[in-house]
2 protein chains.
Amino acid sequence: MSDEFCSCDIVHENIIEIVKQKMPQEEKLYDLAELFKVFGDTTRVKIISALFEAEMCVCDIAELLSMTQSAISHQLRVLRQARLVKHRKEGKVVFYSLDDEHIKTIFNQGLEHILEPRGYEYAIS
Amino acid sequence: MSDEFCSCDIVHENIIEIVKQKMPQEEKLYDLAELFKVFGDTTRVKIISALFEAEMCVCDIAELLSMTQSAISHQLRVLRQARLVKHRKEGKVVFYSLDDEHIKTIFNQGLEHILEPRGYEYAIS
DNA sequence: TTAATATATGAGCAATTGTTCATATGAGCA
DNA sequence: TGCTCATATGAACAATTGCTCATATATTAA
C-alpha cells in the first residue's frame, strides 16, 4: 500500500481513514495556525502580557518594552488583525486593550506547559 | 519625560511602573512565545490535530497529510523538542502521540477564538 | 554479513517575518 | 491656515523557517 508520499509499506489505512474523518476542516486548522503564529513572537507576547495588566497607549508600550514606536505600532496592527486587541482614541492618543477572553486561558495553559517539571531532556530512543 | 525609544511626551509613568512589576519575567515570556511559535505552523497544527484522535507512526502521518516522510519527521522533531509529543518504538516503526494535557485546552480556546462571530471587519478610526 | 525498510538529519534554497528608516495621516492648538 | 505631536504605514533588509534532496542510522530478516 505504498504511495507517492511515503516509501513505507506499513501504513495503517484504517487509522488514517478514521483520523481523516474526525479532524477539523483544513481551513479551520489553517486559521488556528495563523492565530498561534500571532502569539509566536516575543514582542507580541510582551504586549499582550502588558495589556493583561492595564490599557496602554502606543507610546507607553514602546517605553515599557524599550522599543521604537514604529515597531510597536506594526505589531499592534498584527494583533488588531487577529482581533486580539481593541483600541480607543482619546485625542491624538490611541489606547489599546485586550479584546478576547480566550487569550488569558491560552496564555495560562501555555505557561503551565513551559513550567512543567522536566523529568529528563528529550533524547530519541 | 521623553526618552530614546518614543518621541511622545505623553508617557504614563505610573502605569508603566505598575505593569512592569506585574509582568512575568522576560525569560518566561520568551519561552511562551517559543511554545506558541511551535503551534504557529499549519503542518504542525495538522499533526497535533491528528494525534488528538490516535497514536500514529511517521508514515501514517505523511500519508494522511500528503507530505513527504522527511518533512513530517522534521516537524515531529520540533514538536518533540517542545515536549508536545512523545514517541514509542515498535521495531522499526516509531509511534507518536501527544504528551501534554494543556494542548487540548490551548487548541480549544484557539478554535473558540477563530469561530467567534465577527461584528465587523477591523478598521482603524 | 548483507539487504531492505522506517525514521532521522544535514545542507541548501525559497518564502516569510520583524525591525528600521522615512514619511504619511490625523487631531489639537495657535 | 500652519504647526506640533501621536500614531500608522510602506519599502527594504537581515534573520528565520519549512521544505526538498541526499544521506545516515537503526532495526529486522535472510
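Per chain, numbering begins at 1; letters A, B, ... match sequence-line order.
- Rounded to an integer number of Å, the gap from B/K37 NZ to D/dT17 P is 5 Å.
- What separates NZ of A/K89 from C1' of C/dT25 is a distance of 9 Å, to the nearest Å.
- Between B/R80 and the phosphate of C/dT9, there is a side-chain N or O to OP1/OP2 separation shorter than 4.0 Å.
- As rounded to whole Å, 16 Å separates atom C1' of C/dA27 from atom CZ of A/R88.
- Checked against the 6.0 Å centroid threshold, B/F39 and A/F39 do not count as a close aromatic pair.
- Nearest to the side chain of B/V93, among D/dT7, C/dT19, C/dA6, sits C/dA6.
- For B/Q69 and C/dA6, a side-chain-to-base donor-acceptor distance below 3.5 Å is absent, hydrogens and geometry of angles not being considered.
- If you measure from atom CG of B/L76 to atom P of D/dG18, you get 13 Å, rounded to the nearest angstrom.
- One hydrophobic cluster, built from ILVMFWY side chains closer than 4.5 Å, cannot hold both A/Y30 and B/M67; they sit in different ones.
- Checking the phosphate oxygens (OP1, OP2) of D/dT7, no side-chain nitrogen or oxygen of A/S73 falls inside 4.0 Å.
- Pairing each heavy atom of A/V38 with each of A/L84, the nearest pair is CG1-CD1, 3.6 Å.
- Both thresholds, 5.5 Å between centres and 30° between ring planes, are met by A/H74 relative to the base of D/dT9, so the two rings are stacked.
- Sequence order on DNA chain C of the closest nucleotides to A/G91 and A/E34 puts A/E34 first from the 5' end.
- Spacing between atom CD of B/Q75 and atom P of D/dT16 amounts to 18 Å, rounded to whole angstrom units.
- Note: NE2 (B/H87) to P (D/dT27) measures 11 Å, nearest angstrom.
- The side chain of A/Y96 lies closest to D/dA8, out of D/dA8, C/dT7, C/dG10.
- Each of D/dT7, D/dC5, C/dT19 was ranked by its minimum atom distance to the side chain of A/K92; first place goes to D/dC5.
- Candidate nucleotides D/dG18, C/dT19, D/dA22 were compared by shortest atom distance to the side chain of B/R44, and D/dG18 ranks first.
- Aromatic rings of A/H102 and A/F107 (six-membered ring for Trp) have centroids beyond the 6.0 Å cut-off, not under it.
- For C/dG18, neither phosphate oxygen OP1 nor OP2 lies less than 4.0 angstrom from any side-chain nitrogen or oxygen of A/T43.
- The interatomic distance linking B/L79 (CG) with C/dA8 (C1') rounds to 15 Å, in whole Å.
- Aromatic ring centroids of B/F95 and A/H12 lie under 6.0 Å apart.
- A 3.5 Å limit on both hydrogen-bonding distances identifies D/dC3 as the Watson-Crick or G-U partner of C/dG28.
- A donor N or O paired with an acceptor N or O is found under 3.5 Å between the base of D/dC21 and the side-chain atoms of B/S70.
- In this structure, B/Q81 atom CD and C/dT9 atom P are separated by 9 Å, rounded to whole Å.
- Judged by distance alone, the side chains of B/R80 and B/Y96 do bring a donor and an acceptor atom under 3.5 Å apart.
- You'll find that the side chain of A/V58 is closest to D/dA8, out of D/dG18, D/dA8, C/dT19.
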